[in-house]
A.B. asks: 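Please find one structure pasted underneath; my questions will follow.
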Amino acid sequence: MRILSGIQPTAKPHIGNYFGAMRQHLSLQQENEAFYFIADFHALTSSPDPAQMQQYILDVAMDYLALGLDPEKTVLWRQSDVPEVIELAWILSCITPMGLLQRCTSYKDKVAQGLSPNHGLFAYPVLQAADILIFDSQLVPVGADQKQHIEVTRDIAIRFNNKFGEIFVIPKEHIMKSVAVVPGVDGRKMSKSYDNTIGIFEPENKVKKKVMRIVTDSTPVEEPKDADKCNVFALLKLVASDEELHQWRQKYEAGGTGYGTVKKRLVELLHEFFEPYRQKRADLENNLDYVNKVLTDGAQRARKVARNKLSEVRRAVGLET
Ligand code: ADP
Ligand code: TRP
């Protein structure tokens, strides 16, 4: 099955991104033909600092590679290295009703968060549709917040096929639900926009400082505590074995264990969890030529597919004979 997903280079990936998206992307690559790209055209909609964006593109690529993305099998590239998507986005724009985009909640949410209401932000779902359709993607693994964009993609594809013939594969979303929302250190959803993240490869002393700051309630040490309402426990769930988790749950229920003790163990477990990938991540940092080569090779492979689809589209709409 051809699967495709994109991730915006707007920050260094955090553990919420890993458990909510990257881990599933990595496991799906085994059984499928996976196409993953770094959505730099999309990132422009939030006016990033140019130098930072260059760094984040490499960070996303290095994190995926260190965590197990296999560049021989899976295609990984920078979106802007395949500019054919922009041409397709324009063509799709011309059959996309305004009302379809006006109904998209992510535009309204982003403007409410303070992003400028620019045309790129409004037209964002059309570019996303082009990303998906140009590669004949069958399945798009994304978080629940992206469901509407995949529905818009399907709507656009169906309109196009009705008007010009069966050109596009109609994609399905694969909503990744294997973990609940990962909380950040302040208890809200972990998100780069809230400055409450723990980085995947952050040094242990920094992780320790952040974990020690995790918001907990004020139940005294000796009293029983509710594990299911505890942010520290929610993070522990991601990295502890079932057996260890069971023991912690009993300690919460029994009372006598302070949050500080649990936090110390969480720091160790987070470190152990990502330890097997740390050396690879450091090696990549010292071998940026290799990282760039993976991205340009990926772009070449992706571009071949994109060019073929785009010429089919150009013929269908009357831009080519
Ligand atoms: P952010 O919220 O930091 O801006 P993005 O929106 O760029 O993160 O998310 C990239 C991917 O990571 C999406 O698929 C999203 O569903 C997933 N993700 C982000 N934060 C979390 C979280 N706290 N818990 C679970 N998944 C998350
Ligand atoms: N909009 C997605 C996000 O913010 C990123 C993205 C861009 C994407 N193009 C895509 C995801 C195509 C899946 C398919 O997470």
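Just follow the structure's listing: the first ligand is 1, and inside any ligand the first atom is 1. Only this structure's heavy atoms are used, side chains among them; waters, hydrogens and symmetry mates stay out. The structure presented is a predicted model; accordingly, all values stated were derived computationally and were not measured.
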A.B. asks: Taking 4.0 angstrom as the limit and counting only heavy atoms of Val142, give me the atoms of ligand 2 inside it, by number and element.
C.D. replies: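 What qualifies from ligand 2 is 11 (C), 13 (C).
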
A.B. asks: Which protein non-hydrogen atom lies closest to atom 6 (C) of ligand 2, naming both residue and atom, and how far is it?
C.D. replies: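 Sorting protein heavy atoms by distance from atom 6 (C) of ligand 2 puts Gly6 O, 3.8 Å first.
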
A.B. asks: Please enumerate all residues that pass salt bridge (charged side-chain N to carboxylate O under 4.0 Å, His left out) together with Lys12, with sequence neighbours excluded.
C.D. replies: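 By the salt bridge (charged side-chain N to carboxylate O under 4.0 Å, His left out) rule, Lys12 matches Asp59.
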
A.B. asks: Leu284 and side-chain contact (heavy atoms from CB on, under 4.5 Å): which partner among Val291, Leu58, Asp63?
C.D. replies: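 Going through the options one by one, the only one that passes is Val291.
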
A.B. asks: Students often mix this up, so state it plainly: with edges at 30° and 60°, are the rings of Tyr252 and Phe233 parallel, tilted or perpendicular?
C.D. replies: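 Answer is perpendicular, since the angle exceeds 60°.
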
A.B. asks: Please say whether the positively charged group of Lys225, taken as NZ for Lys or CZ for Arg, lies over the ring of Tyr259, i.e. under 6.0 angstrom from the six-membered ring centre and within 45 degrees of the axis.
C.D. replies: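 Yes.
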
A.B. asks: Hydrogens and angles aside, do Gln128 and His149 bring a side-chain donor and acceptor to less than 3.5 Å of each other?
C.D. replies: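 A donor-acceptor contact under 3.5 Å links the two side chains.
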
A.B. asks: Measure from NZ or CZ of Arg278 to the centre of the six-membered ring of Phe201 and say whether it is under 6.0 Å with the direction within 45° of the ring axis.
C.D. replies: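 So Arg278 doesn't make the cation-pi contact.
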
A.B. asks: Counting heavy atoms only, which of Ser193, Ala39, Gly16 comes nearest to atom 18 (N) of ligand 1?
C.D. replies: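 Minimum heavy-atom distance to atom 18 (N) of ligand 1 goes to Gly16.
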
A.B. asks: Please state whether the rings of Tyr64 and Tyr36 are parallel, tilted or perpendicular, taking 30° and 60° as the class boundaries.
C.D. replies: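 Rings of Tyr64 and Tyr36: parallel, under 30°.
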
A.B. asks: Hey, which atoms in ligand 2 end up nearer than 4.0 Å to a heavy atom of Val140?
C.D. replies: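 Every atom of ligand 2 under 4.0 Å from some heavy atom of Val140: 13 (C), 14 (C).
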
A.B. asks: Mind checking whether Met190 has an N or O less than 3.5 Å away from an N or O of ligand 1?
C.D. replies: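 There is such a contact, yes.
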
A.B. asks: From atom 12 (C) of ligand 2, work out which of Gln8, Gln128, Lys110, His42 has a heavy atom at the shortest distance.
C.D. replies: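 Considering heavy atoms of Gln8, Gln128, Lys110, His42, the nearest to atom 12 (C) of ligand 2 sits in Gln128.
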
A.B. asks: Which atoms of ligand 2 sit under 4.0 Å from any heavy atom of Tyr124?
C.D. replies: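 Close to Tyr124: 1 (N), 2 (C), 3 (C), 4 (O), 5 (C).
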
A.B. asks: Among all the protein's non-hydrogen atoms, which is closest to atom 9 (N) of ligand 2, and how far away is it?
C.D. replies: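 Closest protein heavy atom to atom 9 (N) of ligand 2: Asp131 OD2, 2.8 Å.
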
A.B. asks: Give a yes or no on this: more than 12 heavy atoms of other residues, nucleotides or ligands lie within 6.0 Å of atom CG of Asp242.
C.D. replies: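 No, because the 6.0 Å sphere around CG of Asp242 holds 12 heavy atoms or fewer from other groups.
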
A.B. asks: Using a plain distance cutoff, I'd like to know if Thr10 has any nitrogen or oxygen under 3.5 Å from a nitrogen or oxygen of ligand 1.
C.D. replies: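 In fact, backbone or side chain, Thr10 has no N or O that close.
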
A.B. asks: Applying a 4.0 Å heavy-atom criterion (strictly less than), which segment of Gln146 is in contact with ligand 1: side chain, backbone, both, or neither?
C.D. replies: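 It is neither part, as no heavy atom is under 4.0 Å.
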
A.B. asks: Which is it for Ala21 and ligand 1 at heavy atoms under 4.0 Å: side chain, backbone, both or neither?
C.D. replies: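 Answer for Ala21: side chain.
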
A.B. asks: Any ring-ring contact (aromatic ring centres under 6.0 Å, His included) pairs touching residues 274-321, not counting sequence neighbours?
C.D. replies: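 As it turns out, the ring-ring contact (aromatic ring centres under 6.0 Å, His included) pairs with a partner in residues 274-321, which skip direct neighbours, are Tyr18-Phe274.
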
A.B. asks: Return a yes/no value for Lys192: is any of its N or O atoms, backbone included, closer than 3.5 angstrom to an N or O of ligand 1?
C.D. replies: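 Yes; at least one N/O pair falls below 3.5 Å.
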
A.B. asks: Examine ligand 1 and decide if any of its atoms is less than 4.0 Å from a heavy atom belonging to Lys189.
C.D. replies: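 A heavy atom of Lys189 does come that close to ligand 1.
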
A.B. asks: With no hydrogens and no angle check, do the side chains of Ser46 and Lys110 hold a donor and an acceptor under 3.5 Å apart?
C.D. replies: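 No, because no side-chain N or O of Ser46 sits under 3.5 Å from a partner of the opposite role on Lys110.
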
A.B. asks: So is there a nitrogen or oxygen of Ile7 less than 3.5 Å from a nitrogen or oxygen in ligand 1?
C.D. replies: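 It does not: no N or O of Ile7 is found under 3.5 Å from an N or O of ligand 1.
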
A.B. asks: Which of the numbered atoms in ligand 2 are below 4.0 angstrom from a heavy atom of Ile132?
C.D. replies: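 Contacts of ligand 2 toward Ile132, numbered from 1: 12 (C), 14 (C).
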
A.B. asks: If the cut-off is 4.0 Å to any non-hydrogen atom of Asp145, which atoms of ligand 1 fall inside it?
C.D. replies: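 Ligand 1 atoms under the 4.0 Å threshold to Asp145: 16 (O).
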
A.B. asks: Do ligand 1 and Val182 have nitrogen or oxygen atoms that lie under 3.5 Å from each other?
C.D. replies: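 Yes, at least one N or O pair falls under 3.5 Å.
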
A.B. asks: Answer yes or no: is there a donor N or O on one side and an acceptor on the other, between the side chain of Glu204 and the main chain of Leu270, under 3.5 Å?
C.D. replies: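 Checking the backbone N and O of Leu270 against the side chain of Glu204, no donor-acceptor pair under 3.5 Å is found.
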
A.B. asks: How far is atom 3 (C) of ligand 2 from its nearest protein heavy atom, and which residue and atom name does that atom have?
C.D. replies: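 Closest protein heavy atom to atom 3 (C) of ligand 2: Gln146 NE2, 3.4 Å.
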
